[in-house]
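Shown next, in structure tokens, is the structure this report addresses.
Throughout, a chain's letter reflects where its sequence line sits, starting with A, and its residues are numbered from 1. All values below come from the heavy atoms of this structure, side chains included, with hydrogens, waters and symmetry mates left out. Just so it is clear, the structure is predicted and the values come from calculations on it, not from any experiment.
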Number of protein chains: 2
Amino acid sequence: MTVKMKDIASALGVSMVTVSKALNNHPDISKKTRERVNAKVKELGYRPNLTARSLSTGRSSLVGLIVPDLANPFFCEIAKGLSKTLREQSYFVVVSSSEEDPMLEEQEIDNILAHRLDALVVASCQLSAEAFRNTRFGDTPLIFVDRAFEGLAHFVGCDDYAAGKMAAEHLLSVRCKRIAHIRGPQNSTGIRRLKGFMDTMTKNGVDVPSEYVVQALSVDVDGRNQGAEALKRLMSLQRPPDGIFCYNDILATGVIVQADKQGVRIPEDLAIIGCGNLHFDDVIQVPLSTVDQRSREIGSRTAKLILELVATDEDAPKKIRKIVLQPRLVIRASTDRSFRKR
Amino acid sequence: MTVKMKDIASALGVSMVTVSKALNNHPDISKKTRERVNAKVKELGYRPNLTARSLSTGRSSLVGLIVPDLANPFFCEIAKGLSKTLREQSYFVVVSSSEEDPMLEEQEIDNILAHRLDALVVASCQLSAEAFRNTRFGDTPLIFVDRAFEGLAHFVGCDDYAAGKMAAEHLLSVRCKRIAHIRGPQNSTGIRRLKGFMDTMTKNGVDVPSEYVVQALSVDVDGRNQGAEALKRLMSLQRPPDGIFCYNDILATGVIVQADKQGVRIPEDLAIIGCGNLHFDDVIQVPLSTVDQRSREIGSRTAKLILELVATDEDAPKKIRKIVLQPRLVIRASTDRSFRKR
DNA sequence: TTGAAAGCGCTACCAA
DNA sequence: TTGGTAGCGCTTTCAA
């Protein structure tokens with residue numbers, strides 16, 4: 001049916017080896033032969049079978065990506081950045097969504113590895129590194145994005161401690177006095193953003209009572225509801241907060257919607273800052289101040305790292321790479337309380 | 001390095017064939033042998049090499065997906081629905097974004113086909129079927145989603161004529177008198193939504209002057225800017241419209257933002273309805289009325305279609321399948337002019 | 001500069 | 001119920 005290398009070879013009266021070398025730009029093929037091969041390839045509409053190539057070279061030109069929620073703009077951007085940069089080298093991205101379910105994530109990792117990827121990128125929702133210790137990655141390089149597990153594999157993400165600090169400082173700068181945090185999962189991002197936030201509060205002599213730190217049970221798939229629930233709880237306190245740092249923008253969006261329902265004015269009664277900088281943050285009911293995590297760049301940097309990894313010699317000494325991007329503060333209406341300063 | 005089937009076989013003192021059959025649940029393997037094999041597989045941490053399997057079976061367990069913009073929630077949802085349903089059969093989705101560039105799309109299709117996918121799903125940004133006639137798909141089934149090319153391949157999408165009609169009827173029902181349309185590309189979706197809209201206007205005796213139909217040059221990647229530009233143009237007309245049907249929600253979002261800038265009140269001065277029902281439509285500055293295109297379902301229905309296609313015999317008579325979902329009207333604040341009725 | 005042969009890991013056919 | 005053998009389509013020595 002489909003035309004294969006053999007067909008090109010016999011049509012040209014040369015061997016398969018010659019065709020193969022010509023196609024792979026091997027130096028020891030004459031220009032003339034190469035041209036003849038290329039012409040025939042076009043004529044017959046030949047397309048190399050990457051599966052076969054993959055089997056013999058051990059390279060698949062495929063990179064896996066597993067994220068908690070494929071519909072979350074933050075992870076979409078990572079996927080897009082990754083795919084865009086990788087495409088230049090004819091790589092494709094195989095995706096899967098773990099739905100924030102650690103078990104499902106583990107299972108998907110196991111399944112996707114069977115495809116002999118050249119690298120696997122995971123924004124993990126595991127709370128411990130256990131799952132990764134049990135999994136056999138073979139020689140597939142693993143790259144964590146966004147969420148880190150120290151020392152286990154490569155990492156590309158943003159400085160979460162700095163993000164927490166930045167958000168905290170910003171809320172203080174707009175004169176918030178009672179500052180709460182809707183925190184994320186017990187993983188690197190959740191813990192570091194919390195720590196950056198808390199340390200900054202302490203440093204500035206601002207007390208954060210324990211009831212001001214609310215744990216969200218889901219931050220992506222069910223993030224909006226969780227944000228709304230957290231706000232209800234915070235506003236029912238004797239002394240409700242006047243500023244909230246949300247672990248991510250999905251939660252923050254839920255908070256904003258719920259605030260409107262309860263008649264809590266943003267930013268007058270309550271300043272809100274999130275984390276992520278999703279592509280619709282600027283158009284929501286109250287444009288959301290946030291800490292930009294540079295998601296697109298996480299994707300492209302990861303892609304570059306992968307290209308480096310596959311380019312270096314198989315047996316070259318491998319050390320774990322760690323790429324940490326600095327977050328950026330993006331101020332919008334949800335914390336714009338400049339009127340109070342006056 | 002990695003353990004392969006041969007290792008299992010020799011460890012057990014049986015042949016590779018036996019192991020292979022046991023793993024694939026072949027009927028002619030004794031229960032006992034199967035159990036022994038499974039135990040050894042677990043013990044050694046064996047994982048079948050799908051590349052090798054793919055080469056010998058001709059099946060890759062991979063489905064390709066090419067969309068105009070991976071960061072657009074509409075296409076994300078399709079990807080998610082597709083991936084979620086396919087995963088149950090251990091299929092994975094390979095993605096690529098064409099960036100609304102027909103040339104790039106054609107090139108990506110060509111590249112991705114080299115991976116011998118079991119099916120290729122495309123939300124095409126081509127304006128003609130030319131590109132598809134030139135491409136050799138081999139025996140890879142092609143499924144168009146969202147945008148159709150009649151008779152060329154399978155299709156899963158929504159009834160765009162009905163969508164246009166629905167939007168038009170809704171704008172009429174909220175007493176709009178001067179109704180404009182920011183139209184999309186010259187493809188099936190753009191043309192049918194326009195036609196559904198126009199026919200409905202005509203049927204209701206409402207004239208739509210040609211300057212009320214504005215063509216957006218980009219609807220996804222640069223959709224928001226295009227929406228804003230279109231609004232500027234429409235509002236500068238002698239007789240600006242009091243209702244706009246936007247080809248999609250990205251454009252509509254741009255319109256809403258621009259309206260705010262220009263002091264045009266929505267929905268009081270101008271009612272806006274979009275198309276798509278993106279997951280953040282309900283939280284934007286003015287919650288957006290829209291025609292739900294059931295994107296997630298497009299994904300899952302496509303997945304089911306693919307599973308059917310791969311299940312049916314290779315040489316079975318193949319007829320082109322066409323799955324058309326009915327859109328649904330979702331009313332939100334951007335067209336809520338009920339106050340005028342009173 | 002070109003090519004013959006071996007092999008990548010697995011499945012399928014047919015025989016035992 | 002089990003296994004030998006021959007591929008799947010390509011790349012990679014090594015020899016010519």
Closer than 4.0 Å, any side-chain N/O of [X] to the OP1 or OP2 of [N]?
X	N	answer
B:S15	D:dG4	no
A:T18	C:dT2	no
A:S56	D:dG9	no
A:T33	C:dT2	yes
A:Y46	D:dC10	yes

Just how far, in rounded Å, is [atom2] of [N] from [atom1] of [X]?
X	N	atom1	atom2	result
A:K6	C:dA4	NZ	C1'	14 Å
B:N24	C:dT11	CG	P	5 Å
A:R53	C:dG7	CZ	C1'	17 Å
A:N25	D:dT12	CG	P	13 Å
B:H26	C:dA12	NE2	P	7 Å
A:L12	C:dG3	CG	P	10 Å
A:N49	C:dC8	CG	P	18 Å
B:I8	C:dG9	CD1	C1'	13 Å

Result for 5'-nearest mapping on DNA chain C, choosing between A:V17 and A:K31, is A:K31
Taking for B:L23 and for A:L55 the nucleotide of DNA chain C with the nearest heavy atom, the one nearer the 5' end belongs to A:L55
Side-chain donor-acceptor pair present, [X], [Y], cut-off under 3.5 Å:
X	Y	result
B:S97	B:E99	yes
B:T18	B:S15	yes
A:S98	A:E108	no

Charged N-O contact under 4.0 Å between A:D69 and B:K80: yes
From the list D:dT1, C:dG9, D:dC10, which nucleotide is the closest neighbour of the side chain of B:S30?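 Output: D:dT1.
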Among D:dC10, C:dG3, D:dG4, the one nearest any side-chain atom of A:V14 is C:dG3
- Could you tell me whether A:R36 atom CZ has more than 12 heavy atoms of other residues or ligands within 6.0 Å of it?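 It does not: A:R36 CZ has 12 such atoms or fewer within range.
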Item checked: Most 5' of A:K21 and B:T57 on DNA chain D, judged by nearest nucleotide ->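 Residue closer to the 5' terminus by nearest nucleotide: B:T57.
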- Could you tell me whether B:T51 contacts a base, only the sugar-phosphate backbone, or nothing, with contacts defined as non-hydrogen atoms closer than 4.0 Å?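 It contacts nothing in the nucleic acid.
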